[in-house]
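Lettering follows sequence order; numbering is per chain, from 1.
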Amino acid sequence: MWQWFHKLSTPKYYYQWSGKWLPWLAGLTIILFAIGLYWGLLVAPTDYQQGESYRIIYIHVPAAWMSMFVYVVMACAGFVALVWKTKLSEIVVSECAVIGAVFTAIALITGMLWGKPTWGTYWTWDARLTSELILLFLYFGVIAIYSSIEDKRVAAKAASMLAIVGVVNIPIIHFSVNWWNSLHQPNMDIISDKPSMDPSMLWPLLVMAVAFKVYFGWVLFMRIRNEIISRERATKWVKELVVGR
Amino acid sequence: MFSALITIIRRDLLVAFRRRAELMNPILFYVIVVTLFPLGVSPDKEFLSQLAPGVVWVTALLAALISMESIFRQDFDDGSVEQLFLSQHPPTVLILGKVIAHWLITGLPMLIIVPLMALLLYIPQQAIPTLFITVLIGTPILSLIGAIGVALTAGLRGGGVLLGLLVLPLYIPVLIFASGAVSAAITGLPYSGHVALLGAGLILALILAPLAISASLKISMS
């Protein structure tokens, strides 16, 4: 088992191993998205309070969940990168930062689009919105430091360090923002005032959540493979791979 | 180990006092930025005193940020940082010494200037002790967290803007609790909760930040 992990962390072996997984992940992503979107957008009943506009949660909520999940994945990979210094986990950190930032941006944009018809405004300094925005800034920080250091191995280590510092800080930020908000403008939290979700609405949401997870795996695998090819372009196996086809 | 800490603080203070002109810069920056707010927003007394806790603290974050660079930059370029790691003493202790020295140079003067700024922004008298306490507890946190960012960007040319991008989001809890405490004190509400949380933050930062700074410096040196 341990040996297998070690083997997996070598770029060449990972490239071959992940190649076998790609079609499965791609297929599963497409199937889950098809089911989830059809179920959520067409089959699930209309909300009696918010009407059709609530359906954006089938994108918004999974994206928001992923934005936090990806950060944790990134920090764990960063920890592995700093402790065991494996090349693969370094690549995972830099690729996760970009994917996570996009998920966060999707969550923010869909949230704003939903907020306009529901709250009557695109933006409010609600605790959730604010901490999501700060999360986006943290992702930007990781991306910025990774892209400004020339040596990509050093860059990945610096980005890992920042991701770990961020993970310690996220609960503190989240908690402080919550508290700051409750001090200034109470009773803004419309989401928690809503009655709990009906199963007919919840199931498609869960399908979408799984779809987003598998999609993340798929995109991550593809991005890692890309980065491996680009980093190892001087090695023999990559040259054979490219010329051989 | 303790004597090593004292030695490094004394050494950094000595280096700083040899370049006296630079010592005043963060404070002048602080005063000028605070002055911009009444000019840019409104000199109205009521309005300013409502805005003041935020202005004092946002400006403090910016002043801490721009003065942060000097903590490792020179030492990094001339190789002194490498010597820290070659020393027989744990690098975290020596790094803590450097942060303390840096805070004494940049944070402590702010402590003196802040009550004056409070007068400029019409913060009521009863809130000034609170402001003083938050600056006393809050600025060391800024120095500790900022040093992580500086350590990560030490090897880069022109890392100044990048530093802001990395460090400012991490400063947010300090801003919230510190300006929250001052706002509470102005309106006569209890503020000890905010101050206690700031204190907890300082303890956490004192324990964890030196580890992160030393790991970051090692990354930057590789």
Side-chain angles (χ1 to χ4, degrees), chain A residues 71 75 78-79 81-83 85 90 93 97 101 104 125 127 130-184, chain B residues 53-54 141 144-181 183-184 187 189-191 193-194 197-198 200-201 204-205 207-209 211-222:
Chain A
Y71 202 97
F79 185 76
L82 289 182
V83 176
K85 299 186 169 51
E90 290 171 7
V93 172
T104 315
W125 290 96
T130 314
S131 25
E132 194 73 9
L133 186 64
I134 297 166
L135 186 65
L136 186 65
F137 293 160
L138 290 172
Y139 273 121
F140 283 159
V142 175
I143 295 170
I145 193 158
Y146 180 75
S147 47
S148 45
I149 300 178
E150 206 115 317
D151 181 342
K152 282 306 155 204
R153 292 212 64 180
V154 179
K157 280 186 194 134
S160 306
M161 193 63 223
L162 191 68
I164 293 167
V165 173
V167 123
V168 175
N169 252 280
I170 279 176
I172 303 174
I173 293 174
H174 192 78
F175 160 70
S176 62
V177 166
N178 264 326
W179 201 35
W180 155 78
N181 184 264
S182 64
L183 273 177
H184 283 260
Chain B
I141 309 180
L144 285 161
I145 297 175
I148 302 174
V150 178
L152 282 174
T153 55
L156 297 171
R157 294 272 155 246
V161 184
L162 180 65
L163 183 66
L165 199 60
L166 305 186
V167 164
L168 283 177
L170 302 174
Y171 279 174
I172 288 169
V174 178
L175 174 68
I176 290 175
F177 292 131
S179 61
S183 295
T187 47
L189 293 168
Y191 55 82
H194 291 86
L197 280 165
L198 263 186
L204 194 70
I207 295 164
L208 293 180
L211 296 171
I213 298 166
S214 109
S216 306
L217 281 174
K218 272 188 205 158
I219 292 167
S220 285
M221 282 188 300
S222 62

Identify which of B:Leu166, B:Thr153, B:Ile148 forms the greatest number of heavy-atom pairs closer than 4.5 Å to chain A.
B:Leu166
Evaluate the side-chain proximity of [Y] to [X]: yes if any heavy-atom separation is below 4.5 Å, no if none is.
{"X": "A:Ile172", "Y": "B:Leu204", "result": "yes"}
{"X": "A:Leu82", "Y": "B:Ile219", "result": "yes"}
{"X": "B:Leu170", "Y": "A:Leu138", "result": "yes"}

Pick one of side chain, backbone, both or neither for A:Ile170, based on which atoms fall under 4.5 Å of a heavy atom in chain B.
neither
Note: A:Met161 and B:Ala215 closest approach over all heavy atoms is SD-CB, 3.8 Å
Heavy-atom closest pair (B:Leu156 atom, A:Ser148 atom, distance to 0.1 Å) is CD2-O, 3.3 Å
Gap between atom [atom2] of [Y] and atom [atom1] of [X] - 0.5 Å precision:
{"X": "A:Lys157", "Y": "B:Leu152", "atom1": "NZ", "atom2": "CG", "result": "13.0 Å"}
{"X": "B:Ile172", "Y": "A:Phe137", "atom1": "CD1", "atom2": "CZ", "result": "7.0 Å"}
{"X": "A:Ile149", "Y": "B:Ser220", "atom1": "CD1", "atom2": "OG", "result": "6.0 Å"}
{"X": "B:Leu165", "Y": "A:Ile145", "atom1": "CG", "atom2": "CD1", "result": "9.5 Å"}

Please classify the contact between B:Leu197 and chain A as side chain, backbone, both or neither, with a heavy-atom cut-off of under 4.5 Å.
side chain
Side chain, backbone, both or neither: which part of B:Leu208 has a heavy atom under 4.5 Å from chain A?
side chain
